[in-house]
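Below: the structure, in structure tokens.
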Amino acid sequence: MRTRRGACYSGVVSRMCSDVRLANKNKDLHMHMRVHVAGDSFSYSRKRQKKTPEKTATDYDFFESLPDDLVISIFCKLSSTATKPSDFLNVLTTCRRLNKLALHSLVLSKVSPRAFAIRAKDWCDSAHRFLKHCADAGNVEACFTLGMIRFYCLQNRGSGASLMAKAAINSHARALYSLAVIQFNGSGGTKSDKDLRAGVALCARAAFLGHVDALRELGHCLQDGYGVRQNIAEGRRFLVQANARELAAVLSTNAAARHWLTCNLQPQLRQGIGCPLLSDFGCNVPTPEVHPASRFMAEWFAARGGSPGQGLRLCSHAGCGRPESRKHEFRRCSVCGAVNYCSRACQALDWKFRHKVECAPVERWLDEDGEDIGDEDSDGEVMAMADS
């Protein structure tokens with residue numbers, strides 16, 4: 001059977017192609033028309049547009065229309081009044097915009113100390129980064145807290161001291177006093193690294209800014225002639241002033257202490273009995289609140305067996321948390337030799353709250369290895385315990 005060649009279908013193919021072109025042209029003309037008006041032209045499409053439902057007043061997100069500077073101002077107020085870390089950190093997980101604005105340097109510079117109250121068990125890289133961001137933003141409390149953690153817990157002495165110095169330059173009283181304790185003990189170095197005169201100068205600056213422990217430390221230095229010329233009368237005046245400041249601070253913030261003062265002290269004063277609140281070693285008032293950095297250090301070393309290292313000891317004052325950086329760095333109790341303190345201020349507070357009823361004299365002291373060290377430690381310093 002013979003078939004037709006392709007040339008025989010030329011007329012049919014040409015008609016099919018022309019029909020297809022015409023259909024496409026009509027479709028384009030239908031979908032897109034050009035209208036000429038007074039020499040100008042404009043085009044419009046007849047494609048169906050998707051209709052979006054109109055938002056009502058209840059559906060509209062008014063927060064998106066708030067300017068960034070207003071939101072940052074609100075976050076500054078929130079961060080400065082936060083009473084625990086979650087008050088501020090929960091904002092970071094809300095949405096991307098809030099996360100970005102909450103990490104603004106102006107907001108981080110105003111974060112309150114209570115927002116840094118991170119527990120040692122929750123310490124992680126993200127918590128470290130958050131404190132670092134706050135310190136870089138100029139938050140002096142973050143500089144002090146991170147400096148203490150790095151210096152004593154992470155044993156990064158240089159970086160920790162640098163952060164505390166940054167806070168001290170900005171007149172942070174706690175940082176000044178902590179640097180004074182480091183100078184008194186030669187922490188992070190050897191016994192020859194002690195600088196008593198520098199410690200006294202830092203204490204004087206912190207006391208001028210209202211730090212009670214620094215004022216008490218300065219009073220003891222003057223009484224003992226430790227790093228400064230001895231002046232017993234002036235030292236005792238500083239001790240009484242420190243106790244008075246401590247009492248005023250407690251009464252201004254603690255309603256229970258005010259009630260105790262009214263019920264217990266007034267009858268004693270009428271009978272001519274001396275006021276026990278102005279003893280040489282602290283006021284008989286509730287224990288002051290522990291700073292988050294001190295609580296962090298105490299929890300950090302408690303989770304590691306209660307010791308910062310082989311042969312090293314912690315300050316016996318429960319509210320301190322400072323560890324030794326070398327053997328026998330801290331001074332012992334001159335009576336029992338069983339407790340040791342990083343400073344005279346810690347000794348005074350612990351004597352008032354705990355050690356006064358526990359202290360008992362011993363003839364000889366033994367160190368952790370069972371060796372007799374006589375009546376003084378390897379640094380040649382003991383700390384006299386005096387009853388008020």
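Keep in mind it's a predicted model, so treat the numbers as computed, not measured.
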- request: Given side-chain contact (heavy atoms from CB on, under 4.5 Å), test Q223 with N231 step by step and report yes or no.
  value: CA-CA 6 Å; Q223 275 193 331; N231 190 333; over 6 Å; no
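- In the hydrophobic clustering of this structure, L66 groups with L103; members are Ile, Leu, Val, Met, Phe, Trp, Tyr whose side-chain heavy atoms approach within less than 4.5 Å, directly or through other members.
- Neither side chain, N185 nor R322, offers a donor N or O lying under 3.5 Å from an acceptor on the other.
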task: Give the C-alpha distance, both sets of side-chain angles, the deciding distance and a yes or no for salt bridge (Lys or Arg N to Asp or Glu O under 4.0 Å) between K100 and D68.
output: CA-CA 10 Å; K100 179 181 178 181; D68 289 348; over 6 Å; no
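- Under a 3.5 Å cut-off, the side chain of N340 and the backbone N or O of L314 do form a donor-acceptor pair.
- Ion pairing between E217 and R344 fails under the 4.0 Å rule for side-chain N and carboxylate O.
- In plain terms, the two heavy atoms of A142 and A135 that are nearest each other are CB-N, 3.8 Å.
- Relative ring orientation between W123 and F296 is described as perpendicular, the plane-to-plane angle rising above 60° on a 0-90° scale split at 30° and 60°.
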Check residues 157-164 and write down every donor-acceptor pair under 3.5 Å in which the side-chain atom is one partner and the other belongs to a residue at least two apart or another chain.
{"residue": "R157", "atom": "NH1", "partner": "F151", "partner atom": "O", "Å": "2.5"}
{"residue": "S159", "atom": "OG", "partner": "R150", "partner atom": "NH1", "Å": "2.6"}

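- Put simply, I118 and L154 are part of the same group of oily side chains (I, L, V, M, F, W, Y) that touch within less than 4.5 Å, one to the next.
- Taking CZ from R295 and SG from C320, the interatomic distance works out to 15.0 Å, rounded to the nearest 0.5 Å.
- More than 12 heavy atoms of other shown residues, nucleotides or ligands fall within 6.0 angstrom of atom NZ in K166.
- The closest donor-acceptor contact from the side chain of E324 to the backbone of R313 lies under 3.5 Å.
- When hydrophobic clusters are built by joining Ile, Leu, Val, Met, Phe, Trp and Tyr residues whose side-chain heavy atoms come closer than 4.5 Å, directly or via intermediates, V228 is grouped together with F238.
- Remark: A302 pairs with no residue by the side chain to side chain contact (heavy atoms under 4.5 Å, CB included) rule, at least two apart or across chains.
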query: Taking it one step at a time, do R119 and E299 satisfy side-chain contact (heavy atoms from CB on, under 4.5 Å)?
result: CA-CA 7 Å; R119 310 306 293 261; E299 293 176 351; 2.4 Å; yes
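- Not a single donor-acceptor pair under 3.5 Å links the side chain of D224 to the backbone N or O of Q230.
- Counting only distance, with no hydrogens or angles, the side chain of T190 and the backbone of G186 share no donor-acceptor pair below 3.5 Å.
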field: Chi angles and distances behind the side-chain contact (heavy atoms from CB on, under 4.5 Å) call for S109, C134
entry: CA-CA 6 Å; S109 66; C134 293; over 6 Å; no
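- For E141 and H172, the side-chain atoms include at least one donor-acceptor pair closer than 3.5 Å.
- Judged by the 6.0 Å and 45° rule, R304 forms a cation-pi pair with W300.
- A donor-acceptor contact closer than 3.5 angstrom links the side chains of D350 and Y341.
- For K132 and D136, the salt-bridge test passes: some basic side-chain N is under 4.0 Å from an acidic carboxylate O.
- In the displayed structure, R114 atom CZ is contacted under 6.0 Å by at most 12 heavy atoms of other residues, nucleotides or ligands.
- Judged by distance alone, the side chains of S325 and E329 do bring a donor and an acceptor atom under 3.5 Å apart.
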message: Between S343 and R216, does the side-chain hydrogen bond (donor to acceptor under 3.5 Å, both in side chains) criterion hold? Intermediate values first, please.
response: CA-CA 10 Å; S343 63; R216 184 175 288 118; over 6 Å; no
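- Grouping the Ile, Leu, Val, Met, Phe, Trp and Tyr side chains by contacts below 4.5 angstrom, directly or via other members, places I232 apart from L215.
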message: Applying side-chain contact (heavy atoms from CB on, under 4.5 Å) to H291 and F144, what does each step give before you reach the verdict?
response: CA-CA 11 Å; H291 190 273; F144 168 70; 3.4 Å; yes
field: Trace of the ring-ring contact (aromatic ring centres under 6.0 Å, His included) decision for Y226 with F184
entry: CA-CA 10 Å; Y226 191 71; F184 282 137; 5.8 Å; yes
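- Counting only N and O atoms by type, the side chains of T83 and D87 include a donor and acceptor under 3.5 Å apart.
- In the hydrophobic clustering of this structure, Y177 does not group with L222; members are Ile, Leu, Val, Met, Phe, Trp, Tyr whose side-chain heavy atoms approach within less than 4.5 Å, directly or through other members.
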